[in-house]
**Student:** 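I'd like to ask you about the structure that follows.
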Amino acid sequence: MTGLTLGGVAVALIILWLNFRKWWKGSRNLQDLLHYGAGAGLGSLSTICIGGALGWGASGVAGLLSSAGSTGVSKVTGTSGAGVMPTGRMGVLTPEGAVVTCVILAGVIALYKSSGKLEKRRIIGGFVTFAILGFLPGVAAMLSFWPDVVNAAGDTIRGIAERGGDAL
């Protein structure tokens, strides 16, 4: 992974704030967060897909926006925004969890293709936000339940496939 910087974290927090601000000032209907949340869920899972295309994408997004964010902070304030941040991981995917992650990816792609322009931007924004923030140790610790949920769903699906309804 390319070094995550304070500037990159700033970019992610700005995207997060812009999405939640509109929701907070609006109806606060949870359904309005669906598109952003779908991207965020996939983005956060991507940070633990080490060696795969999703992991490569998350790392690339984090590196690219860290560089851009650091440059932006430096140009705006005259102070370096390149302070390197520590990185961490939420957990590990099992083979069953990896399959569920692929199903989630397919679902997010289907949602993206059926969405309007604004919703597509929200999906991308959610992915970008958590492809960056998901690498931070504190955020990874708060989201440590997420790989466990995905792995457990995969285990359940495999159990049903192998043993039928007795697996439940």
Side-chain angles (χ1 to χ4, degrees), residues 1-49 52-77 81-91 93 97 100-150 153:
M1 146 119 203
T2 306
L4 183 60
T5 66
L6 284 168
V9 172
V11 170
L13 292 175
I14 289 167
I15 295 169
L16 177 70
W17 176 71
L18 290 173
N19 279 277
F20 275 106
R21 181 180 180 273
K22 182 172 174 52
W23 174 78
W24 188 260
K25 289 189 168 268
S27 66
R28 294 191 195 172
N29 182 353
L30 287 178
Q31 189 175 7
D32 293 340
L33 293 175
L34 172 69
H35 295 86
Y36 183 80
L42 184 62
S44 61
L45 273 179
S46 296
T47 65
I48 59 172
C49 292
L54 283 174
W56 177 82
S59 181
V61 163
L64 179 67
L65 291 181
S66 284
S67 177
S70 295
T71 300
V73 168
S74 178
K75 297 281 184 195
V76 169
T77 66
V84 178
M85 299 293 293
T87 58
R89 288 180 63 188
M90 289 183 285
L93 287 176
V100 171
T101 299
C102 289
V103 172
I104 291 170
L105 172 62
V108 172
I109 290 171
L111 179 64
Y112 182 86
K113 290 201 172 273
S114 67
S115 297
K117 184 177 179 180
L118 181 61
E119 289 81 17
K120 287 179 177 180
R121 292 164 105 181
R122 290 181 195 272
I123 292 169
I124 292 169
F127 181 88
V128 166
T129 300
F130 281 88
I132 295 170
L133 297 180
F135 282 116
L136 294 173
V139 175
M142 287 188 294
L143 295 176
S144 64
F145 71 91
W146 187 215
D148 296 337
V149 168
V150 171

**Student:** To the nearest 0.5 angstrom, please state how far the CG atom of Leu18 sits from the CG atom of Leu13.
**Tutor:** 11.0 Å
**Student:** Once you round to the nearest 0.5 Å, how far does CH2 of Trp23 lie from CG of Asn29?
**Tutor:** 9.0 Å
**Student:** How about Leu6 and Met85: do any of their side-chain heavy atoms sit closer than 4.5 Å?
**Tutor:**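 When only atoms from C-beta onward are counted, Met85 and Leu6 do touch, with a gap below 4.5 Å.
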**Student:** For the pair Thr101 (side chain) and Gly97 (backbone), establish whether a donor and an acceptor sit closer than 3.5 Å, ignoring hydrogens and angles.
**Tutor:**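 Checked: pair present.
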**Student:** Sub-3.5 Å donor-acceptor pair from the side chain of Ser66 to the main-chain atoms of Thr5, do we have one?
**Tutor:**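 Present.
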**Student:** Work out which heavy atom in Leu93 is nearest to a heavy atom in Cys49; give both atom names and the distance.
**Tutor:** CD1-SG, 3.9 Å
**Student:** Pairs under 3.5 angstrom only: tabulate donor-acceptor contacts from the side chains of residues 120-140 to other protein residues two or more places apart or in another chain.
**Tutor:**
from	atom 1	to	atom 2	distance (Å)
Arg122	NH1	Asn19	OD1	3.4
Thr129	OG1	Tyr36	OH	3.0
Thr129	OG1	Gly125	O	2.7

**Student:** Going from CG on Leu34 to OG on Ser115, what distance comes out if it is rounded to the nearest 0.5 angstrom?
**Tutor:**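 If I round to the nearest 0.5 Å, the distance is 8.0 Å.
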**Student:** How many angstroms lie between atom OG of Ser27 and atom NZ of Lys22, to the nearest 0.5 angstrom?
**Tutor:** 9.5 Å
**Student:** Can a donor-acceptor pair be found, under 3.5 Å and without considering hydrogens, that links the side chain of Thr71 to the backbone of Ser67?
**Tutor:**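 The answer is yes, because a donor-acceptor pair under 3.5 Å joins these two groups.
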**Student:** When you measure from the side chain of Ser44 to the backbone N and O of Ala40, does any donor-acceptor pair fall under 3.5 Å?
**Tutor:** yes
**Student:** Let me confirm one number: the CE-CZ distance from Met90 to Phe145, rounded to the nearest 0.5 Å.
**Tutor:** 9.0 Å
**Student:** For the residue pair Leu54 and Leu42, establish whether any side-chain heavy-atom pair is separated by less than 4.5 Å.
**Tutor:**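 Counting from C-beta outward, Leu54 and Leu42 do come under 4.5 Å.
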**Student:** Rounded to the nearest 0.5 Å, how far does CG of Leu4 lie from OG1 of Thr87?
**Tutor:**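 The distance works out to 7.5 Å.
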